[in-house]
Number of protein chains: 2
Amino acid sequence: MKYTTPYMPPTLTVDAVIFQLVNNELNVLLLKRLNDPFKDTWALPGGYNAEGETTKAALSRIVNSKTGVDIDKDLTYVEQLFTFDTIDRDPRGHAVSVTYMGFARDISESISKENAALFPVNSLPDLAYDHASIIKYAHQRLASKLTYTNAMFAFLPPTFTLTELQLAYEAIIGRELDKRNFRKKFLSLEFLEETNEMRRDGAYRPAKLYRFKSQSLVALSRSFD
Amino acid sequence: MKYTTPYMPPTLTVDAVIFQLVNNELNVLLLKRLNDPFKDTWALPGGYNAEGETTKAALSRIVNSKTGVDIDKDLTYVEQLFTFDTIDRDPRGHAVSVTYMGFARDISESISKENAALFPVNSLPDLAYDHASIIKYAHQRLASKLTYTNAMFAFLPPTFTLTELQLAYEAIIGRELDKRNFRKKFLSLEFLEETNEMRRDGAYRPAKLYRFKSQSLVALSRSFD
DNA sequence: GCAAAAGTGTTTGGGATACACCCATGC
DNA sequence: GCATGGGTGTATCCCAAACACTTTTGC
């Protein structure tokens with residue numbers, strides 16, 4: 001690429017906030033840095049975006065090589081989050097980071113690097129760069145998204161009980177919900193359909209299993225009038 | 001900035017979708033390109049983001065130099081929209097564009113370049129690059145934002161009548177609203193306060209003037225339970 | 001008095017909230 | 001029969017939607 005005037009772009013990086021539920025706690029995938037800056041500090045997986053590579057392709061490449069997780073196969077939903085660009089966010093120099101938020105059912109088997117691990121968002125270690133605020137922003141967006149979309153499909157297994165669904169909601173939005181109201185409301189949204197199966201796994205009444213009608217994002221429209 | 005491995009970032013650009021109401025039509029600020037590619041075609045104002053410059057600073061610099069509009073003084077609201085990064089969106093080579101959406105009350109006096117002009121979003125000329133889809137995306141986000149925030153403060157003058165408010169809504173969301181329901185609902189949101197003034201400007205009943213309580217964005221929370 | 005825009009109220013249906021007990025099962 | 005989690009219903013309140021006439025003013 002040629003420029004008519006001298007031009008030097010900032011470094012372009014990508015970072016991923018990958019969420020997964022573990023024992024009804026919202027977890028995020030982190031990587032302990034092997035090099036300076038922030039050597040031995042935990043950070044979001046991310047890296048440099050080369051010319052000729054889309055940000056999502058760079059993300060796939062980097063997350064896969066650094067953690068073993070395959071964005072395309074292991075994640076059930078991905079969306080662009082925000083682009084962070086303050087000058088001093090990277091001590092090495094100006095780096096603009098395009099961040100993504102991804103959801104997964106279970107990436108624990110795919111995590112193949114020793115320095116990659118899942119952490120509960122409510123008890124994160126100290127984080128490198130501005131990554132703590134990026135995670136906070138992503139968590140808010142996720143919680144908001146759950147109120148008007150079927151995004152929870154991306155966290156749950158193909159079939160699940162209504163109690164499991166409710167516990168997943170509570171884990172992410174951080175407060176308890178009323179069982180009867182939750183069921184009434186969620187069923188009325190018509191995101192779910194019943195299966196013919198039941199879950200029986202204890203000395204108590206078996207539970208009906210449900211599934212999401214759609215395995216891709218569906219949003220309810222908010223309208224004004 | 002040094003890299004431990006050979007590294008070349010894509011070009012980084014910024015583009016602005018600046019909206020303003022003109023005669024109760026939503027308009028967007030465009031610039032007729034003076035050079036190839038897309039010479040003589042209309043496009044969003046934008047340009048190169050240099051190292052050491054935040055995307056918003058680059059936007060201010062570029063929009064001001066190319067159109068005369070001062071982002072900081074002329075716009076009443078600005079937010080980051082999305083980062084577009086497909087490889088072939090710029091025929092000169094891979095350019096990643098961080099886009100912003102801005103709202104203004106009246107920038108017509110500030111537009112000082114011959115090749116800059118406002119166009120109604122419903123009758124846009126052919127546009128360069130992927131700018132038509134960027135404007136469409138921004139318009140949708142704006143319409144959605146109006147349903148749960150006071151964002152309209154950024155388009156209207158400090159005081160206005162309820163009819164003017166309703167016409168502005170209708171212009172942006174693209175359909176008519178019921179006058180009684182609109183007033184009831186909007187007043188119940190408590191974004192507005194009455195002034196003591198009235199507007200009298202014709203052979204008919206004068207209208208009360210209102211103002212927004214806040215001149216910065218306030219969002220209603222959507223909750224699940 | 002008439003033209004033009006401002007302003008106003010009621011009914012109805014559906015969703016949000018609050019709240020507590022019975023059901024099915026394994027042991 | 002008891003412990004455990006699954007499953008359900010009702011009353012109240014508020015908001016959304018539909019819908020048409022009266023008021024104020026300048027001329």
Side-chain angles (χ1 to χ4, degrees), chain A residues 23-24 143-144 146-150 156-157 159-171 173-211 219-225, chain B residues 23-24 143-144 146-150 156-157 159-171 173-211 219-225:
Chain A
N23 297 326
N24 287 315
S144 164
L146 286 182
T147 68
Y148 66 97
T149 70
N150 65 345
L156 295 181
T159 65
F160 48 84
T161 68
L162 291 180
T163 299
E164 289 166 345
L165 179 67
Q166 185 178 340
L167 288 172
Y169 262 87
E170 291 175 343
I173 67 179
R175 64 198 166 82
E176 297 191 352
L177 301 172
D178 178 84
K179 180 158 72 158
R180 283 162 296 186
N181 292 340
F182 178 82
R183 287 168 182 233
K184 233 181 316 171
K185 169 145 184 195
F186 213 94
L187 293 173
S188 78
L189 295 180
E190 302 202 311
F191 285 147
L192 299 184
E193 59 191 9
E194 285 188 28
T195 68
N196 297 320
E197 293 138 83
M198 307 282 274
R199 159 149 323 149
R200 41 172 52 78
D201 63 349
Y204 46 84
R205 178 172 178 173
K208 276 190 200 162
L209 288 171
Y210 290 80
R211 74 174 137 247
L220 303 172
S221 64
R222 295 162 298 203
S223 66
F224 196 82
D225 188 9
Chain B
N23 297 326
N24 286 316
S144 164
L146 286 182
T147 68
Y148 66 96
T149 71
N150 65 344
L156 295 182
T159 65
F160 48 86
T161 69
L162 291 180
T163 298
E164 288 166 346
L165 179 66
Q166 183 178 343
L167 288 172
Y169 261 86
E170 291 175 343
I173 67 180
R175 64 197 165 81
E176 296 192 352
L177 299 171
D178 178 83
K179 179 159 71 158
R180 282 162 296 182
N181 292 340
F182 179 82
R183 287 169 182 232
K184 235 181 314 173
K185 168 149 185 191
F186 213 94
L187 293 174
S188 77
L189 296 180
E190 303 203 310
F191 285 147
L192 300 185
E193 58 190 10
E194 286 188 27
T195 68
N196 296 321
E197 292 138 83
M198 306 282 276
R199 161 151 319 153
R200 40 172 52 79
D201 62 350
Y204 47 84
R205 179 170 177 173
K208 277 190 197 162
L209 287 171
Y210 289 80
R211 73 174 139 246
L220 302 172
S221 63
R222 296 162 299 206
S223 66
F224 196 82
D225 187 9

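Reckoned from all heavy atoms, side chains included, excluding hydrogens, waters and symmetry mates.
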Here the distance between atom C1' of D/dT4 and atom CZ of A/R199, to the nearest Å, is 16 Å
Output a table of nitrogen or oxygen pairs between the protein and nucleotides 23-27 of chain C separated by less than 3.5 Å.
{"from": "C/dC23", "atom 1": "O4'", "to": "A/R205", "atom 2": "NH1", "distance (Å)": "3.4"}
{"from": "C/dC23", "atom 1": "O2", "to": "A/R205", "atom 2": "NH1", "distance (Å)": "3.3"}
{"from": "C/dA24", "atom 1": "N3", "to": "A/R205", "atom 2": "N", "distance (Å)": "3.2"}
{"from": "C/dT25", "atom 1": "O2", "to": "A/A203", "atom 2": "O", "distance (Å)": "3.0"}
{"from": "C/dT25", "atom 1": "O2", "to": "A/Y204", "atom 2": "N", "distance (Å)": "3.3"}

inquiry  = Taking only side-chain N and O atoms of A/K185, does any of them lie within less than 4.0 angstrom of OP1 or OP2 on C/dA16?
reply    = yes
Smallest heavy-atom separation, A/L156 atom then A/A168 atom, equals CD2-CB, 4.0 Å
Rounded to whole Å, CG of B/L189 lies from P of D/dC14 at a distance of 16 Å
d(A/F191 CZ, A/L165 CG) to nearest 0.5 Å is 11.0 Å
NZ of B/K185 to CG of B/D178, rounded to nearest 0.5 Å, is 12.5 Å
When rounded to the nearest 0.5 Å, the distance separating CG of A/L162 from CZ of A/F186 is 9.0 Å
Across all chains, not counting sequence neighbours, the side chain to side chain donor-acceptor pair (under 3.5 Å) partners of B/E170 are B/Q166
Sequence neighbours excluded, the answer for side chain to side chain donor-acceptor pair (under 3.5 Å) partners of A/T163 is A/R183
Angle separating the five-pair end axes of the helix from C/dG1-D/dC27 to C/dC27-D/dG1, nearest 10°, is 20°
note: A/E164, atom CD; D/dG7, atom P; distance rounded to Å ~ 10 Å
Q.
For a quick check of understanding: with a heavy-atom distance under 4.0 Å over all strands, which category does B/K208 fall into, base, sugar-phosphate or nothing?
A. sugar-phosphate
To the nearest angstrom, the CG-C1' distance between A/L162 and D/dT8 comes to 12 Å
Of the candidates D/dG6, C/dG7, D/dG9, the side chain of A/R183 sits closest to D/dG6
Of the listed D/dA17, D/dG6, D/dA20, the closest approach to the A/T163 side chain comes from D/dG6
Whole-Å distance, B/E194 CD to C/dG7 C1', equals 12 Å
Whole-Å distance, B/Q166 CD to C/dA5 P, equals 14 Å
Per atom distances to the A/N181 side chain, the nearest of D/dG9, D/dG6, D/dA17 is D/dG9
Side-chain contact check for A/D178: nearest option of D/dT8, C/dC19, D/dT10 is C/dC19
To the nearest angstrom, the CZ-C1' distance between A/R180 and D/dT8 comes to 8 Å
Rounding to 0.5 Å, atoms CG (A/L167) and CG (A/N23) come to a distance of 11.5 Å
message = When you measure from the side-chain N and O atoms of A/K184 to the phosphate of C/dA16, is any distance below 4.0 Å, counting only OP1 and OP2?
response = no
Show which side-chain atoms of residues 200-211 of chain A pair as donor or acceptor with protein atoms under 3.5 Å away, not counting sequence neighbours.
{"from": "A/D201", "atom 1": "OD1", "to": "A/Y204", "atom 2": "OH", "distance (Å)": "3.0"}
{"from": "A/R211", "atom 1": "NE", "to": "A/E193", "atom 2": "OE2", "distance (Å)": "3.1"}

Those residues at least two apart in sequence (or on a different chain) that pass side-chain contact (heavy atoms from CB on, under 4.5 Å) with B/A143 are B/I173
Whole-Å distance, A/L167 CG to D/dG5 P, equals 11 Å
Sequence neighbours excluded, the answer for side-chain contact (heavy atoms from CB on, under 4.5 Å) partners of B/E164 is B/F160, B/T161, B/R199
